[in-house]
Protein chains: 2
Amino acid sequence: MSGEKILLVDDEQDIVELLEYNLLKEGYQVRTASNGKEALKIASSYKPDLVILDVMMPVMDGMQTCEALRKSPNHNGVIIAMLTARGEDYSQIAGFDAGADDYITKPVKPKVLVSRVKALLRRGTTEIDIPDENVSIVINRDKYLVIKEGNEFNLPKKEFELLNLLYSQPGSVFTRQNILSSVWGDEVVVGDRTIDVHIRKLREKLGSEHFVTIKGVGYKFQH
Amino acid sequence: MSGEKILLVDDEQDIVELLEYNLLKEGYQVRTASNGKEALKIASSYKPDLVILDVMMPVMDGMQTCEALRKSPNHNGVIIAMLTARGEDYSQIAGFDAGADDYITKPVKPKVLVSRVKALLRRGTTEIDIPDENVSIVINRDKYLVIKEGNEFNLPKKEFELLNLLYSQPGSVFTRQNILSSVWGDEVVVGDRTIDVHIRKLREKLGSEHFVTIKGVGYKFQH
DNA sequence: GATAGGATTAACAATTCCTTAACGTATAAG
DNA sequence: CTTATACGTTAAGGAATTGTTAATCCTATC
């Protein structure tokens, strides 16, 4: 089968069956789980392209699962859609963004879900997907080591942490605020040009093509 | 006149005229309204057989109007068709089904509308057509990236924010006031032509077909 | 407490972006 | 037909942000 792989996670058996049926009918590969823990187990071998997570689940809820998936390097680039019950307290969802790509309100009509899934998977393909073999820079966190084209670099602490942060989500922009609070901590106050200088050193050592400036916003790393 | 009575509700005058002309030509009776409130007033005396409602409207939107009609005993059995902009976020439609009989995607060709109307009046069929999210432009907020036909654009901050605003509700008009307070903030005062210049740059980069001027009102984005 | 490498700062350069002003064009109103 | 009004276009200046460099300040280590 050629369809993309979907992992459907919900504890309500009826809903799972209904949605699974409709997704299968569209030609997708589907596997299901009834809670987050199970989902993670399946995901590690199944390598889904898209995970649909119910927010409310026993054992491990959708938000936790989403977080766990995002943190795992095995699921880099996986698309995550959350199912949220209508009228559910949106504040936690809004306030604590675990990094889902879409939120779908329950009850959801099969047609709606399918077209939403299509859109998500299509969107995924329009973005640049960096295949693993194209990763030009590799980080070894234990050894504070960066490897580019076989050459090893021993970066100083701050430079490494800055790189590490940007590298954690290639392509995503980190604002100066983000960077400051992550690398320096919220209480520390450093001058305006400190980040720039570190960026400069990274560019010098690893090549400026990897560090993109978004003026007025921040920086991002790209392979 | 013997044709069935249609109430056509849309705030865009051009569309109303075009569709009205075509429906009249088919022998239907047509009355029009430019918002939901007006529509309800007319409906109570006009007793339409079919109401065609634009989802996005000022004063009272299509969903609210649909709900109100359904609740009213005076309009028992009225057929309701919703006009939804292509690419519009239909999560509200999915999550909150106000009970429309059909969803028709804008822009709609007169011929298509007419045949749809015929089908609805003849059979009262429910041929729900969830618009396929056929989006030509995708925004990635994390990556500060705009993707059109596979090409990526790194827009400057203000341009990105302006696009982001218009894009948030495709098809809806944002007044200059709206735009100013959202993108520039309420205290900031900028000249009259500032918005135009930014719109121009967006048109230059992404194609002018996506940015529609409503003279005397503002701008809107469309896919 | 001397030393060395790293981190930060300050001053200035470079760049990009935003805004404006002036003029052009279109459309509606008188 | 003239006038008024709103929007479009262009180029240029200035504002804001970032890049660069070198000197200075820290901090861990010997």
When you measure from the side chain of [X], which nucleotide among [options] comes out closest?
X        : options                : value
B:Arg193 : C:dC17, D:dG8, C:dA7   : D:dG8
B:Lys201 : C:dG6, D:dT20, C:dC18  : C:dC18
A:Thr213 : C:dC18, D:dT18, C:dA22 : D:dT18

[N], OP1 or OP2 - any side-chain N/O from [X] closer than 4.0 Å?
X        : N      : answer
B:Arg176 : D:dC7  : yes
A:Arg200 : D:dT21 : yes
B:Trp184 : C:dT19 : yes
A:Arg203 : D:dG19 : yes
B:His198 : C:dT19 : yes
B:Tyr219 : D:dA6  : no

Do B:Lys215 and D:dT5 have a side chain to base donor-acceptor pair shorter than 3.5 Å?
-> no
Can you tell me the distance, in whole Å, between the [atom1] atom of [X] and the [atom2] atom of [N]?
X        : N      : atom1 : atom2 : answer
A:Phe211 : D:dT18 : CZ    : P     : 17 Å
B:Ile199 : D:dT10 : CD1   : P     : 16 Å
B:Gln13  : C:dA28 : CD    : C1'   : 16 Å

Is the closest side-chain donor-acceptor distance between B:Thr213 and B:Arg203 under 3.5 Å?
-> yes
Between B:Leu145 and B:Phe153, is any pair of side-chain heavy atoms under 4.5 Å apart?
-> no
Aromatic contact, B:Phe211 with B:Tyr219 (centres under 6.0 Å) = no
Does the ring of B:Tyr46 carry B:Arg31 above it, NZ/CZ under 6.0 angstrom from centre and within 45° of its axis?
-> yes
